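Because the structure is a prediction, the values reported are computed rather than measured.
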Amino acid sequence: MKKGQEYIGIVDHVNFPNKGIVQIEGLQEEGEEKGEDKLSLPPVKIVVKDVLPGQMIKFRLTKNASGRKEGRLLKVITPSEREGRVPPCPHFGSCGGCAYQTMPYKEQLRLKEEQGKQLLQGFLQKETIWEGILGSPREFRYRNKMEYSFGDEVKDGDIMLGMHKKGSFYDVLTTDQCQIVEEDFNRIVNGTLKIAREFGLKYYHKITHSGYLRHLLVRRAVKTGEILVHLVTTSAWEVTNKKEEEFFSVWKNTLFSICLDGRIKGIVHTINDRVADVICADSTKVLFGEDFFFEELLGLKFKISSFSFFQTNSLGAEVLYRKVREYIGGTKDKVIFDLYSGTGTIAQLLAPVAKKVIGVEIVGDAVEAARDNAKRNGLLNCEFLEGDVLQVLDTMEEKPDYIVLDPPRDGVHKKALEKIIRYQVERIVYISCKPTSLARDLELLCGAGYKVEKVCMVDMFPETVNVETCVLLSKLRKEP
């Protein structure tokens, strides 16, 4: 078996998030004596991404290390039995956003549950209640936020606006018929791209660090229909025969001329001259309205600023947060820490039935929004602290009765988790958007005397490989 060679095999199973395992019988490993009976050789396992269980695929071996072999998918020869529909989106296959559109939604849920249960199996005891997976209220048109990139689909081609092509760091595909966003997003993408081309604007090039247009950020509330449109550029205006102010005037008028189902709440221009390919602000100018919008969840109203974290599936978030409230249980006269609190959504949903809720969040805009939201919702027993959980916990005098964890994808820092464990709270609810990070953190929590009492997965991201997992942990009581 040599690097660069092509092979055909069947995908045995797929590990989270998208790592297919192909087992091929009778392959001669490098270093083995030739002529050895192929029937006696153990099957060779190769990791191939972007595949589905049961597919027969052709792949090229790209890594042939002793402990790990990897391949790159070249072609699906035979579909999986789990695939049963034509992808609804014309961009599917080229766009790197969705992975499961050839599978009916029930099969997507089944696959995600299988992966989650496999990862967490070592923490599930006989008495653990596995509640399965809850689907999103909407399979399509569910995302309330999209970060689009400017670029080209082929080298030196026309400027594009959309998502990166599958497997590419540079190539960008115009995704103006995306099926997981409201149609308003697609209309705004088309209008923005049209004006960018009319003005002859160039995209920011990641290698030369030249160009003007970087990203388009669109956020839209499901309940209120309010839309925030954010154009991110460099400060290097390069069109000599037209002024920058003229471009923004035309762009703004174009947005207002589009027939939208929602309503534009704000139009914002952000300048970002940093090298890193992330959306951040060196300076911001509001061209119209406000740099925030409002969304409603479970009867409460939330102000969401441009860059603050908020679940990307509003209706799915209601499903998830109902489960969190159920898991946290009776909270009367209890103090709850909501760590990694974002805009304070969970804290405010728990506050009406708790003594006090304290949220900790590192993003300043999100903390400010959380405070405004609590005031707007008439919640006087919420407090929000800005800073890294690792440092802030050292400054807090109050002790929690319960703790809610909703960390970013990488999970909780080990030292922060050790500080959390020292509180010895009776109950912890851990919400994870990455089961592999959750499994790592559960190892430390369970090793410190907690047990997994209940688990429920919630599909916040239909058509993609991602999923949320909600876990209830309780402190083991020591025998007298």
Of all the heavy-atom pairs spanning [X] and [Y], show the shortest one and how long it is.
X    : Y    : result
S432 : L438 : OG-CB, 3.5 Å
C178 : C89  : CA-SG, 4.2 Å
V172 : S149 : CG1-O, 3.4 Å
S136 : Y105 : N-OH, 3.0 Å
I258 : G191 : CD1-CA, 4.3 Å
I159 : Y203 : CD1-N, 3.9 Å

Salt-bridge test for [X] and [Y]: reply yes if a basic N is under 4.0 Å from a carboxylate O, no otherwise.
X    : Y    : answer
D50  : K166 : no
R187 : D261 : yes
K265 : E290 : no
E295 : R219 : no
K112 : E114 : no
E463 : R85  : yes
K223 : E318 : yes

Flag, side chain of [X] to backbone of [Y], donor-acceptor distance under 3.5 Å:
X    : Y    : value
K206 : A276 : no
S437 : R409 : yes
N144 : Q311 : yes
N64  : K69  : no
D184 : L260 : no
S308 : G342 : no
Q115 : V14  : yes
S341 : G344 : no
N18  : V51  : no
Q55  : L52  : yes

Aromatic Y450 / basic K475 pairing, under 6.0 angstrom, 45° off normal: yes
Could you tell me whether R371 sits above the aromatic face of F384, with NZ or CZ closer than 6.0 angstrom to the six-membered ring centre and within 45 degrees of the axis? no
Approximate separation, where rounding is to 0.5 Å, of [X] [atom1] and [Y] [atom2]:
X    : Y    : atom1 : atom2 : answer
I77  : M56  : CD1   : CE    : 6.5 Å
Y148 : L173 : OH    : CG    : 12.0 Å
D388 : E361 : CG    : CD    : 10.0 Å
L217 : L228 : CG    : CG    : 6.5 Å
E468 : N313 : CD    : CG    : 9.5 Å
L320 : D459 : CG    : CG    : 11.5 Å

What verdict does the side-chain contact (heavy atoms from CB on, under 4.5 Å) test give for L300 and F302, after you've listed the backbone C-alpha separation in whole Å, the side-chain angles of each residue and the deciding distance to 0.1 Å? CA-CA 7 Å; L300 297 178; F302 296 94; 3.7 Å; yes
Going by atom types alone, do [X] and [Y] pair a side-chain donor with an acceptor below 3.5 Å?
X    : Y    : answer
H269 : T284 : no
D406 : Y430 : no
H230 : S306 : yes
Y327 : E131 : yes
Q179 : Q101 : no

Give the C-alpha distance, both sets of side-chain angles, the deciding distance and a yes or no for side-chain contact (heavy atoms from CB on, under 4.5 Å) between V324 and L349. CA-CA 9 Å; V324 173; L349 292 170; over 6 Å; no
Residues V471, V429; criterion side-chain contact (heavy atoms from CB on, under 4.5 Å); working and verdict: CA-CA 6 Å; V471 177; V429 175; over 6 Å; no
Taken in chain and number order and not counting sequence neighbours, the residues that satisfy salt bridge (charged side-chain N to carboxylate O under 4.0 Å, His left out) with E107 are R82, R110
Once salt bridge (charged side-chain N to carboxylate O under 4.0 Å, His left out) is applied, do any residues pair with R440, and if so which ones, sequence neighbours excluded? none
Got more than 12 heavy atoms from elsewhere within 6.0 Å of CD, E81? no
More than 12 heavy atoms of other groups within 6.0 Å of E6 CD: yes
If you define the side chain from C-beta out and look only at heavy atoms, does anything of T224 sit under 4.5 Å from E296? yes
Side chains of L297 and S314, heavy atoms from C-beta outward: is any pair under 4.5 Å? yes
Passing option when E182 is tested against R141, R138, K145 for salt bridge (charged side-chain N to carboxylate O under 4.0 Å, His left out): R138
Partners passing ring-ring contact (aromatic ring centres under 6.0 Å, His included) against F140 (at least two apart in sequence or in another chain): none
Are F309 and F307 close enough that their ring centres sit under 6.0 Å apart? no
Y170 ring center within less than 6.0 Å of H164 ring center: no
Can you list the steps and then say if F461 with T312 is a side-chain contact (heavy atoms from CB on, under 4.5 Å)? CA-CA 8 Å; F461 318 98; T312 55; 3.6 Å; yes
